[in-house]
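Everything below concerns the one structure shown next.
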2 protein chains.
Amino acid sequence: MENLSDRSRVILEAVIEDYIRTAEPVGSRSISRKHTLSPATIRNVMSDLEEMGFLLSPHTSAGRIPTDKAFRFYVDSLLTVRTIEKEQQDQILSQYKLHGRDVAEILKETSRILSSFSHYMGVVVTPRFNATVFRHMEFVKLGGRTILAILVAINGVVQNKIIETDEVISPEELVRMSNYLNELLEGLTIAEVRNRILLEMEDEKVRYDTMLARALNLSAQTLDENGTEVFIEGQFNILELPEFADVTRMKDVFHAFEEKNQLVTLLDRCIQSEGVHIFIGAENYLSRMEKMSVITAPYMTGNKTVGILGVIGPTRMGYDRVIPIVDYTAKLLSKLLDAE
Amino acid sequence: MENLSDRSRVILEAVIEDYIRTAEPVGSRSISRKHTLSPATIRNVMSDLEEMGFLLSPHTSAGRIPTDKAFRFYVDSLLTVRTIEKEQQDQILSQYKLHGRDVAEILKETSRILSSFSHYMGVVVTPRFNATVFRHMEFVKLGGRTILAILVAINGVVQNKIIETDEVISPEELVRMSNYLNELLEGLTIAEVRNRILLEMEDEKVRYDTMLARALNLSAQTLDENGTEVFIEGQFNILELPEFADVTRMKDVFHAFEEKNQLVTLLDRCIQSEGVHIFIGAENYLSRMEKMSVITAPYMTGNKTVGILGVIGPTRMGYDRVIPIVDYTAKLLSKLLDAE
DNA sequence: GTTAGCACTCGGATGTTTCGAGTGCTAACT
DNA sequence: AGTTAGCACTCGAAACATCCGAGTGCTAAC
């Protein structure tokens, strides 16, 4: 990292924090008020910082704005992350208490929590089904050849799918099928389940047992689709931010969410790495989101990472405040999913 | 209804259609170009229409804008709804084909379809569980005292909930429970199921049978929450509309969606009435949505209305184009839900 | 009843001026 | 050598002025 003098650091930090507060270019005078230095001195330092690529001036007679690089440096080296207050912890916890305990509900609520506590947007990607452990599979007959397949993971995540079969299958046979499958697949992760089914299907003895073949076929169909969903809450929060007062900027943001899968790839990028991850401005490689930062953290069930959550806000977001919120929420969600 | 001369009607219609196209106040000249009447004559008529409350001028030297009353009259008396083209029908149908057949997916897709074909926002309210017929109930043991309850309606709508029990229940007992319940509740609507459970619980013989009591207790818990969800898609569509170029207007719209329950009450208002319903501007009684119109239609399974779908757009929306889309989609969705 | 003609209005676009925040540079100060 | 006061300069935002044209209402002629 660049070697900055102590003074430069202090001033850079001051500029950044001012900018986070006001969203306006920061002038030398406003900083001199808080430090016992004259504006001229500060101007000199700022000029150096600009040279180094930490600041930029929109035009000659405005103040200066921190660049992405500055925020990166701020987050890496200057920032002392606040510890989350007990009070806030309790508030978050009690939010969860209010709602039902269906997993999808919990995830949506998590997104809402992230949004309302950060004052930005909350985002939660649904668990990677693959990493979770199989618990139960069940077939319910809805009508003639229509069957509802229900797949339950050990953490309570449910996936259901309506399947049209070629031939009519009796309810009794359906029960036998699910018994067979539940025994066969017990304790495997969904990814393993997938493999196992393919393997089984090649087995000689299965090929000549219609029931088994059908069962495997059905379960394969149940698994074939594996939607990752994204819950984004609090879009309206960013409507209030001055940097998006401009209509075209706003459109950009919303268009960015149209392609949710792009967002998923972004978030997925940090699925292996532990702990909080931060993408600042252009670092997220989505042109629509150049002016935004993303703070993410993985959450897990058991000790496997199954999903990602985070907060999306402007580059000038209150990192010190938001990081612990994301961190705590991820841990809390992991705990909630485990308890089940 | 006001008695308008034929000429007035023609001119009013022309103004409305111009305004729908351009979103700009309409002047007398642009109309005179299409009809063989001089601007002056048209001005006289327009002046009358203004007097009657069908038009208003934002200021002296602008053209005129149709009022809510004008749109109401237009929809009721002037509009000839186009029939939906075969081609468009096929397009919509094929959209459905692309996706999985989980009911929640279908509803979300419906919302997307409404949005993309109307170019406004699509909205779908999830089925009123109460009106649908019970099909199956199942309990899956997740851990010590944690149980996942799954409730399936005949149309494939699934509701699941995680329940914490006071005592450990064995898997075998869970199976017996669900067998008992499935037999007991077969063929009832969810509303009836609710009553039946309460009734049953008071029965003497049940009170002394722990298993039955527990089963009923569990199912009561499964039912107690009955979330109506709303899928809104295509918000970004309205970002493109000139009337929302103003940032404050836009905020209003998004804030309106914050309270989704308000929206639900609006939509619910037409759940009994058959066919397409239209709320124009202030008619929807949501101050945030004064500049918007809503076109709704109920959809059903069996022959019971279970939910509402619709399109939300500006008051100057292309009614002739959108009404058949809403109508057709509602019918198609009903058919899709029935087929299962 | 219709229309041409005309004076009038008013908002949007364009141009001009003013104001002030902020800069860079230089020279004096510690 | 680092710091600071002073000053000329820059440039955008806001305020003000002007112009233009689309559109109106009214009147008088057709």
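To find a chain, count down the sequence lines: A is the first, B the second, and so on, and within it residues start at 1. We use all heavy atoms of the structure for the numbers below, so side chains are in, but hydrogens, waters and symmetry mates are not.
B/Tyr319 and B/Tyr74 have perpendicular rings, their planes meeting at more than 60° on a 0 to 90° scale where under 30° would count as parallel.
Scanning all heavy atoms of the two residues, the minimum distance from B/Cys270 to B/Thr296 falls at SG-OG1, 3.0 Å.
Between B/Ile42 atom CD1 and C/dA4 atom P there is a gap of 12 Å when expressed in whole angstrom units. Between B/Leu55 atom CG and D/dG25 atom C1' there is a gap of 16 Å when expressed in whole angstrom units. Here the P atom of nucleotide C/dG11 and the NE2 atom of B/His59 are 5 Å apart, to the nearest Å. The distance between atom CG of B/Leu49 and atom C1' of D/dG25, rounded to the nearest whole Å, is 16 Å. In this structure, CD1 of B/Ile65 is placed 15 Å from C1' of D/dT24, rounded to the nearest angstrom. With rounding to whole Å, A/Arg7 atom CZ is found 10 Å from D/dG2 atom P. Remark: C1' of C/dT30 and CG of A/Leu37 are 15 Å apart, rounded to the nearest angstrom. Rounded to a whole Å, the CZ atom of A/Arg64 is 14 Å from the P atom of D/dC11.
Proximity of A/Ser47 to the phosphate of C/dT23: no side-chain N or O atom is located under 4.0 Å from OP1 or OP2. Proximity of A/Thr41 to the phosphate of D/dT3: no side-chain N or O atom is located under 4.0 Å from OP1 or OP2.
Comparing B/Ala40 and B/Gly63 by the nucleotide of DNA chain D that holds the closest heavy atom to each, the one mapping nearer the 5' end is B/Gly63. Heavy-atom nearest nucleotides on DNA chain C were determined for A/Ser61 and for B/Arg43, and the one closer to the 5' end corresponds to B/Arg43.
Counting non-hydrogen atoms under 4.0 angstrom, B/Ser57 reaches nothing in the nucleic acid. Backbone-only engagement by B/Thr60 is indicated by non-hydrogen atom pairs under 4.0 Å involving sugar-phosphate atoms exclusively.
In summary, A/Arg72 and A/Asp68 do not engage in a salt bridge, as defined by a charged side-chain N under 4.0 Å from a carboxylate O. The existence of a salt bridge linking B/Glu243 and B/Lys291 is excluded, since no basic side-chain nitrogen approaches an acidic carboxylate oxygen closer than 4.0 Å.
Base pairing analysis places D/dC26 opposite C/dG5; the two distances defining the Watson-Crick or G-U wobble pair are each below 3.5 Å. Here D/dG12 sits opposite C/dC19 as a Watson-Crick or G-U wobble pair (both hydrogen-bonding atom distances under 3.5 Å).
Remark: side-chain polar atoms of A/Ser57 are not paired, donor with acceptor, to backbone N or O of A/Ala62 under 3.5 angstrom.
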